[in-house]
Peer 1: 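Shown below is the structure under consideration.
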Amino acid sequence: MSTSTAGLNTAQNSAVTNTDGPLLVLAGAGTGKTRVITHRIARLLSKRVPASAILAMTFTNKAAAEMRTRIRELVPARKAEGLTIGTFHSFCVRALREHADRLDLHPNFGICDSDDQLVVMKQALRELQIPEAELPPRLCLARVSLLKSRMISPETLQSGGNGIDNDIGRAYARYDAGLRTSRLMDFDDLLLYMVKLLGDKTSLRAFQKRFQYLLIDEYQDTNAPQYEIVRRIGAVHRNVCVVGDDDQSIYGWRGADMTKILNFEKDFPKAVVVRLETNYRSTPQIVAGANLVIRNNPGRHEKTLRAHDKDGEAIRIKRLLDEEAEAAFVVDDIAERVRSRRMRLGQFAILFRTAVQPRIIEMQLRQHGMPYRLVGGMSFFDHKEVRDILSYLRLVANPSDELSLLRVINTPPRGIGASTVEKMMSLAAQQRASLVDVLRDESTALRPTTRASVDRFLGMLDSLRRDHPADGLVDLLKDLIRSVNYGEEIKRCYSDSATRTKRWDAVNEILNMAEVHGRQRSGATLTTFLEEVALSANDDRDDDRSSDDEVTLMTLHSAKGLEFGEVYLVGMEEGLLPHLRSIQDGGIEEERRLAYVGITRARHRLTLSYVQSRARYGNREASLPSRFLYEVQGKEAPAELMEHISRIGTSVANESAPATPRATGTKKGKPNRKPGSKRSESKPRTDRRKAAASKKRVSTKG
DNA sequence: CTGTCCTATCTTTTT
DNA sequence: GATAGGACAG
C-alpha cells in the first residue's frame with residue numbers, strides 16, 4: 001500500500017480507510033478534518049480509483065485551494081491529475097456550461113454578483129409598482145435567496161400568499177425573468193439549475209457514472225439544492241463521504257440546513273459514523289471551555305472534544321468599563337505580549353459579533369501604530385473602475401447582458417444619455433425585444449448624432465468580439481481599455497494625481513489577473529476568467545496577502561475554519577453575543593455555536609471580554625455579561641440575568657437595567673497594563689471607504 | 001450628473 | 001450616534 005497512514009489516530013484512520021459506502025465524519029473543531037479528507041483521497045487514488053471519478057466539494061475557494069495543495073503533498077502530481085475539487089458553485093457552473101443544451105441555456109451565461117442582483121430586483125419592483133418603502137429591495141432579495149435555497153419556486157409561494165408574501169412572490173418571478181433576459185444567473189440559480197440538470201435522466205446517469213466517490217466538506221452548511229445534488233449523484237454508488245460539525249453550523253439564517261447532517265444516517269441508510277474528537281489545536285483549558293458552552297445546546301450529535309495537548313493557560317475573562325477601555329485593554333495586551341514574548345502580530349486575532357464593533361478597536365490600533373488587517377471590508381472588485389472594465393468584458397462575452405450594457409453605455413460619456421436610454425428601454429419593453437436589438441435596429445428613431453454614437457459603440461463591441469481569439473484574453477483587455485479610452489476617463493473624473501494613479505493601478509491589476517488566469521488555467525477564455533472573478537471576488541480573507549505582522553480583525557462568521565495563537569473575543573454581552581435579535585427570535589443555539597466557533601479558534605491563549613456599559617443607538621446602556629461567560633466556566637447563568645433577559649424578549653424597551661452586572665468569578669489575569677507608548681511605523685491596512693478615511697482624522701482626539 | 005440634505009436603520013454574508 | 005442610501009436642487 002503506497003498510502004502512508006502514519007500519524008493518523010484511530011478515528012482518523014477509520015475515516016480514511018472506510019472508502020466504500022456512505023460515511024459521516026463528525027469532525028469537531030481542530031480535529032484534523034482536512035487531513036482526513038486529503039488522506040482519504042490519496043487512499044482512493046492508491047486503490048486505483050481514477051482521479052476523474054472523485055468529486056470533492058467545499059464551500060469556499062480557500063478550502064478547495066488548501067485541499068488541492070495538501071493533496072499535492074501526499075501524491076505525485078501525475079496521479080492527482082483529473083481530480084475534481086472545487087466549490088459547489090464552481091462545479092455547477094462548469095457542469096451547466098458543458099450540458100447547457102440539455103437545459104436550453106446559453107453556454108456563455110453570466111454570473112451576477114450581489115450588486116447586480118440589487119439592480120435587477122429594483123427594476124422588478126419598479127415594474128410591478130411595488131414601492132420600495134413597502135418592500136425594500138435588499139430585504140426582498142434576501143427573502144428570495146432564502147426561498148431559492150429552500151427550493152421554493154415563485155409559484156409555490158404565490159399560491160399560499162398573503163399580502164407581503166404575495167408581493168415577494170411576484171417580485172421573485174419578475175426578478176428571475178429579469179435575470180433570464182440578460183442571460184444571467186445568481187449564485188442560488190447555479191445550484192438550482194444543477195438540480196434541474198440532474199432531473200434529466202440522461203445527464204444524471206452521466207454524472208453518476210463518472211463520479212463514483214463524493215466528498216463533501218462542511219456538510220452542516222449544506223442547503224437544500226446542495227443536498228439534492230449530493231443525494232442524486234451519490235444515489236447509485238452511495239460512496240458518499242460527508243464531513244462536518246453540527247456544532248459549527250452558523251449559517252442557518254442563510255438557508256443552511258443543519259438537519260441534513262443530523263439526519264444523514266436516515267438519508268443514507270447503513271452509513272458508518274466516525275467521530276473525530278481529539279483536538280490538536282487548543283490547550284485543554286480552551287477545549288474544556290468550548291465543551292462546557294456547547295453542551296448546553298439540545299439535539300446535537302453528541303461528541304466531546306478532547307485536547308491532545310497537555311497543558312496551557314486558563315481562559316481569561318476580563319471585565320472593562322466600556323468599549324473604549326475594552327479596545328485599549330486588548331491593544332495594550334497585544335503590545336505587551338509582543339514586547340515580552342517576542343510574538344508576531346500575525347499570531348493575534350480580535351473577534352467580534354457585529355461589523356460595528358471593530359471601529360473603536362481600529363482607533364486604538366492606529367494610536368498604537370499597530371498594523372492590522374480588517375477582514376470583510378470593501379473588496380477590490382467593488383471599485384468603480386474595476387466594475388466598469390468587468391462590465392465591458394461581460395458585455396463582450398454575453399451580448400444579452402443588459403445590466404452591463406446599462407452600466408457602460410455612457411461610461412465614459414459618449415453621448416448616449418439617460419433620456420435616450422430610458423426611451424430605448426420602454427421601446428424595448430413595447431416591442432418585447434432586448435435593449436441591444438432595439439439599439440441595433442436601424443429603423444429605431446434616433447437623432448443622427450445619437451445614432452452615430454450608438455453605432456460607434458456597438459461597432460466597437462463587435463470588433464472586440466471579432467478581433468480576438470477565445471484565448472487572447474490579455475490582448476482583448478488591452479484593446480478594450482484602449483478602445484474605450486479608459487485612461488482619459490480616469491483623468492476626467494479625478495483631478496488629484498494620487499487618486500488617478502491608484503485608479504489606473506486598479507485597471508492594470510485586472511490585466512495582471514487576466515494574465516495569471518491565462519497562464520494558470522488550461523483552456524482559459526474570457527468566460528472562464530469572468531467566472532473565476534464572479535466566484536471568488538470576495539475571498540480576501542485568504543492568506544495570499546496576509547502578513548506575519550498584522551493583527552487580524554474579523555467577525556466570528558469570517559473566522560470559521562481559521563486558527564490563531566491568541567484570540568480576543570470581545571463584546572461578550574447579552575444583546576451582542578447572543579445578539580438581541582437572536583434572543584428575541586429564539587436563535588440562541590446558533591449564537592451559542594458562534595461562541596463555540598470563536599472559542600475554538602484559539603490555540604494557546606483565549607481572552608473573553610465584556611463591558612459594563614456600551615453605547616447603543618446613541619445612548620449609553622448598562623451591559624450584562626453574556627450567558628456564555630457563565631457557561632464557559634461551567635456555571636449556570638444567574639436567575640436574575642435570565643429573568644432580565646426574558647423581559648427584554650417581551651418588551652423591546654429595556655430602559656431600566658436593575659440587574660447590575662455582577663463580577664462573575666472574574667479571573668483577572670494581571671492588572672491592567674499601562675499603555676506602552678511603542679510607536680512602530682504605522683501602516684494600517686484598511687480599505688474602508690471615505691468613512692474610515694475621514695474617521696482617521698477625527699480620531700486624533702486622544 | 002453631482003453635491004448636499006434628510007431620514008430610516010441599526011446581525012451575521014462561504015458563493 | 002453614526003451611517004448609508006434616497007430625494008432633491010442646482
Side-chain angles (χ1 to χ4, degrees), chain A residues 57-64 86-93 111-114 117-118 122 131-133 136-139 141-142 145-146 148-149 185-191 194 217-218 220-223 225-226 248-256 351-357 359-360 375-377 379 381 410-411 413 417-419 492-493 531-542 554-562 571 575-585 587 590-591 593-594 597-598 614-621 652 688-692 694-695 698:
Chain A
M57 288 193 280
T58 65
F59 279 78
T60 66
N61 294 296
K62 195 189 172 192
T87 63
F88 267 98
H89 292 83
S90 67
F91 170 69
C92 292
V93 176
I111 302 162
C112 72
D113 64 25
S114 49
Q117 285 181 284
L118 196 61
K122 281 184 178 175
E132 293 193 357
R138 295 195 84 85
L139 175 81
L141 214 43
S145 175
L146 204 56
K148 285 187 176 185
S149 70
M185 290 205 196
D186 64 18
F187 289 124
D188 298 311
D189 287 339
L190 296 174
L191 304 173
M194 185 66 195
D217 192 20
E218 304 279 15
Q220 76 281 359
D221 289 334
T222 309
N223 66 18
Q226 286 164 331
Q248 292 185 67
S249 166
I250 55 175
Y251 285 107
W253 51 277
R254 229 162 104 163
L351 307 181
F352 37 84
R353 174 71 237 262
T354 73
V356 292
Q357 287 171 269
R359 182 155 290 132
I360 193 146
V375 175
S379 127
F381 298 94
N410 206 32
T411 308
S419 60
R492 189 183 67 83
C493 292
E531 196 173 289
E532 180 175 287
V533 168
L535 295 181
S536 64
N538 281 325
D539 228 8
D540 59 349
R541 65 171 174 170
D542 44 357
M554 62 182 156
T555 64
L556 289 166
H557 284 89
S558 303
K560 196 176 76 164
L562 307 179
L576 210 47
L577 182 66
H579 196 275
L580 180 63
R581 272 287 253 280
S582 302
I583 298 174
Q584 287 166 343
D585 308 348
E590 187 150 310
E591 297 290 305
R593 291 192 289 269
L594 218 32
V597 165
R614 181 177 296 271
R616 267 193 99 93
Y617 308 145
N619 32 344
R620 185 149 292 280
E621 284 172 18
V652 185
R688 305 290 265 174
R689 38 203 114 160
K690 52 216 162 162
S694 58
K695 186 117 218 170
V698 179

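Per chain, numbering begins at 1; letters A, B, ... match sequence-line order.
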Peer 1: Taking dT12(B) as the reference, what is the distance to dG5(C) when you measure between their P atoms (whole Å, please)?
Peer 2: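 It comes out at 14 Å once rounded to the nearest Å.
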Peer 1: If you check every side-chain atom of T555(A), which of dA2(C), dT13(B), dT14(B) has the closest atom?
Peer 2: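 Taking heavy atoms from C-beta onward, the closest nucleotide is dT13(B).
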Peer 1: For nucleotides 6-10 of chain C, tabulate all protein N/O to nucleotide N/O atom pairs closer than 3.5 Å, reporting atom names and distance.
Peer 2:
residue, atom, partner, partner atom, Å
dG6(C), OP1, K122(A), NZ, 2.7

Peer 1: Taking OP1 and OP2 of dT11(B), is either one under 4.0 Å from a side-chain nitrogen or oxygen of H579(A)?
Peer 2: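 Yes.
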Peer 1: State which residues pass salt bridge (charged side-chain N to carboxylate O under 4.0 Å, His left out) with R620(A); sequence neighbours excluded, sorted by chain then number.
Peer 2: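 If we apply the salt bridge (charged side-chain N to carboxylate O under 4.0 Å, His left out) test to R620(A), skipping adjacent residues, the hits are E323(A).
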Peer 1: Looking only at the side chain of S558(A) (C-beta and beyond, no hydrogens), which of the listed nucleotides dT11(B), dT15(B), dT13(B) gets closest?
Peer 2: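 Output: dT13(B).
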Peer 1: Tell me whether the side-chain N/O atoms of T58(A) come closer than 4.0 Å to OP1 or OP2 in dT14(B).
Peer 2: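 No.
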Peer 1: According to salt bridge (charged side-chain N to carboxylate O under 4.0 Å, His left out), who are the partners of E532(A), at least two apart in sequence or on a separate chain?
Peer 2: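 Applying salt bridge (charged side-chain N to carboxylate O under 4.0 Å, His left out) to E532(A) gives none.
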Peer 1: Please enumerate all residues that pass side chain to side chain contact (heavy atoms under 4.5 Å, CB included) together with S145(A), with sequence neighbours excluded.
Peer 2: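 Side chain to side chain contact (heavy atoms under 4.5 Å, CB included) list for S145(A), sorted by chain: D188(A).
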Peer 1: Classify E591(A) by what it touches in the nucleic acid, base, sugar-phosphate, or nothing, heavy-atom distance under 4.0 Å.
Peer 2: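 Base, at least one base atom sits under 4.0 Å.
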Peer 1: Using heavy-atom distances to pick each residue's nearest nucleotide on DNA chain B, tell me which of D188(A) and E590(A) is more 5'.
Peer 2: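 In this pair, the answer is E590(A).
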Peer 1: Report the residue (T354(A) or T87(A)) whose heavy-atom-nearest nucleotide on DNA chain B is the more 5′ of the two.
Peer 2: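 The residue closer to the strand's 5' end, by nearest nucleotide, is T354(A).
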Peer 1: Would you say the base of dT13(B) stacks on Y251(A) (centre-to-centre below 5.5 Å, plane angle below 30°)?
Peer 2: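 According to the criterion (under 5.5 Å, under 30°), no, Y251(A) does not stack.
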Peer 1: Is R353(A) side chain donor-acceptor paired with the dT12(B) base, going by distance under 3.5 Å alone?
Peer 2: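 Under the 3.5 Å cut-off, the side chain and the base do form a donor-acceptor pair.
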Peer 1: Answer yes or no: does a side-chain N or O of R359(A) lie under 4.0 Å from OP1 or OP2 of dG1(C)?
Peer 2: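 Answer is no, no contact under 4.0 Å.
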Peer 1: Report the residues that fulfil ring-ring contact (aromatic ring centres under 6.0 Å, His included) with Y251(A), sequence neighbours left out, ordered by chain and then residue number.
Peer 2: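 Expected list: W253(A), H557(A).
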Peer 1: What integer number of Å spans the P atoms of dT13(B) and dA2(C)?
Peer 2: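 22 Å, rounded to whole Å.
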Peer 1: From dT13(B), dA2(C), dT11(B), pick the nucleotide closest to the side chain of H557(A)?
Peer 2: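 Ranking dT13(B), dA2(C), dT11(B) by closest atom to the H557(A) side chain puts dT13(B) first.
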Peer 1: Counting just side-chain N and O atoms, does N61(A) come under 4.0 Å of either OP1 or OP2 of dT14(B)?
Peer 2: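 For dT14(B), OP1/OP2 do not have a side-chain N/O of N61(A) under 4.0 Å.
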Peer 1: Would you name the heavy atoms of L351(A) and A559(A) that are closest together and state the gap between them?
Peer 2: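 So the minimum-distance heavy-atom pair works out to CD2-CB, 3.9 Å.
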Peer 1: According to side chain to side chain contact (heavy atoms under 4.5 Å, CB included), who are the partners of D113(A), at least two apart in sequence or on a separate chain?
Peer 2: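 D115(A), D116(A), R387(A).
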Peer 1: Would you indicate which nucleotide in dT14(B), dA2(C), dT11(B) comes nearest to any side-chain atom of R581(A)?
Peer 2: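 The closest nucleotide is dT11(B).
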